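All figures in this text were calculated on a predicted structure; none of them were measured in a lab. We use all heavy atoms of the structure for the numbers below, so side chains are in, but hydrogens, waters and symmetry mates are not.
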Amino acid sequence: MNEAHITVIGWVAADPYYTVTANGTPFLSLRVACTPRRYDRETSQWQDLDTMFLTVNCWRHLADNVNGSDLRRGQPIVVTGRLRIRQYERDGQWRFSAEIEASTLGHDLNRGTAEFRPVHRGGALTDDDRREAQEVADQWALGGADEPTAEAA
């Protein structure tokens, strides 16, 4: 209950990666880019700050719905979910991965329109599912904004 829930407004940085885990659980992962802007009064211009990239993981129905929504790189989105900071070792170095386990995700309607199509509902995550998701998230962290490799699935 005391988990960190956040909302992020950004852009899809890479086309979503969709798979079904070995246990039959739908899973979708994507990268979101957020570039803060600040107004510089001295120059009277907007300045872009450093872009932050986050991995967003979607499970079950949300994964299926995002996959069926034709979400593509460059589109504006809003994501809400639980913030997860993972630490892992790769090639002898400790790395960190900022991830959001999404509870909601959709297009940012301040920047365009969308068409809603309701779907029917239908399960629980296993440890194997979560391990598979971590492998995909690690591929995002190592490869930048490109799709994970087929080895991660």
Side-chain angles (χ1 to χ4, degrees), residues 1-37 48-90 94-153:
M1 189 81 177
N2 292 325
E3 297 175 291
H5 288 259
I6 64 169
T7 298
V8 174
I9 300 169
W11 301 86
V12 178
D15 289 337
Y17 173 78
Y18 176 81
T19 190
V20 177
T21 67
N23 293 325
T25 305
F27 171 73
L28 182 135
S29 182
L30 61 104
R31 294 286 278 177
V32 175
C34 305
T35 306
R37 301 189 91 203
D48 287 340
L49 302 179
D50 291 338
T51 300
M52 174 179 59
F53 292 92
L54 298 164
T55 298
V56 176
N57 295 321
C58 304
W59 293 97
R60 296 183 289 291
H61 295 294
L62 182 58
D64 287 337
N65 293 345
V66 172
N67 189 49
S69 295
D70 198 28
L71 202 63
R72 289 190 301 269
R73 183 179 181 158
Q75 293 180 337
I77 61 170
V78 179
V79 179
T80 300
R82 290 187 291 271
L83 177 64
R84 302 275 191 242
I85 305 296
R86 286 191 317 107
Q87 181 179 1
Y88 61 97
E89 186 177 358
R90 174 74 49 101
W94 285 102
R95 301 172 186 252
F96 294 90
S97 175
E99 303 173 8
I100 300 172
E101 189 172 315
S103 55
T104 60
L105 186 151
H107 285 105
D108 182 352
L109 298 182
N110 269 327
R111 303 180 189 279
T113 62
E115 181 180 321
F116 182 76
R117 295 178 308 274
V119 296
H120 300 285
R121 296 275 167 217
L125 295 178
T126 67
D127 288 337
D128 289 337
D129 291 335
R130 292 192 187 280
R131 268 192 292 286
E132 243 180 276
Q134 287 179 352
E135 289 173 15
V136 171
D138 291 349
Q139 289 296 317
W140 284 123
L142 291 174
D146 295 336
E147 285 187 26
T149 63
E151 300 165 2

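With sequence neighbours excluded, no residue forms a side chain to side chain donor-acceptor pair (under 3.5 Å) with Asn67. Under the ring pair (Phe, Tyr, Trp, His ring centres under 6.0 Å) criterion, Trp59 pairs with Phe27, not counting sequence neighbours. Remark: Arg84 engages Glu3, Arg82, Glu99, Glu101 in a side chain to side chain contact (heavy atoms under 4.5 Å, CB included) (not counting sequence neighbours). With sequence neighbours excluded, the residues forming a side chain to side chain contact (heavy atoms under 4.5 Å, CB included) with Ala22 are Glu132, listed by chain and number. Not a single side chain to side chain donor-acceptor pair (under 3.5 Å) links Thr113 to another residue, sequence neighbours left out. With sequence neighbours excluded, the residues that form a salt bridge (Lys or Arg N to Asp or Glu O under 4.0 Å) with Asp138 are Arg86, Arg90. Shown here are the side chain to side chain contact (heavy atoms under 4.5 Å, CB included) partners of Arg37, two or more places apart in sequence or in another chain: Trp46, Asp48. Legend: residues meeting side chain to side chain contact (heavy atoms under 4.5 Å, CB included) with Phe116, ordered by chain and number and at least two apart, are Pro118. Partners of Thr21 under the side chain to side chain donor-acceptor pair (under 3.5 Å) rule, at least two apart in sequence or in another chain, are Asp129. By the side chain to side chain donor-acceptor pair (under 3.5 Å) test, Thr104 is found to be paired with no residue, residues two or more places apart in sequence or in another chain being considered.
The shortest heavy-atom contact between Trp11 and Gly74 is CE3-O, 2.8 Å. Across all their heavy atoms, Leu71 and Gln75 have their closest contact at CA-OE1, 3.3 Å. Ala102 and Cys58 get closest at one heavy-atom pair: CB-SG, 4.0 Å. Shown here for Val32 and Gly10, the closest heavy-atom pair between the two residues is CG1-CA, 4.1 Å. Counting all heavy atoms, side chain and backbone alike, His107 lies closest to Ser69 at CE1-O, 4.1 Å.
Heavy atoms of other residues, nucleotides or ligands lying less than 6.0 angstrom from CD of Gln87 number more than 12.
A distance of 8.5 Å separates CD1 in Ile9 from OG1 in Thr80, rounded to the nearest 0.5 Å. The line from OH of Tyr88 to CZ of Phe96 is 10.5 Å long, rounded to the nearest 0.5 Å.
Paired with Ser29 under the rule side-chain hydrogen bond (donor to acceptor under 3.5 Å, both in side chains), one option of Thr19, Asn57, Thr55 passes, and it is Asn57.
Pairs of residues two or more places apart, or lying in two chains, never qualify as salt bridge (Lys or Arg N to Asp or Glu O under 4.0 Å) while including a residue from residues 50-59.
In terms of modelled atom types and a separation under 3.5 Å, the side chain of Asp108 and the main chain of Val78 share no donor-acceptor contact.
Two residues are said to be in side-chain contact when any heavy atoms from C-beta on lie closer than 4.5 Å; Leu30 and Leu105 meet this criterion.
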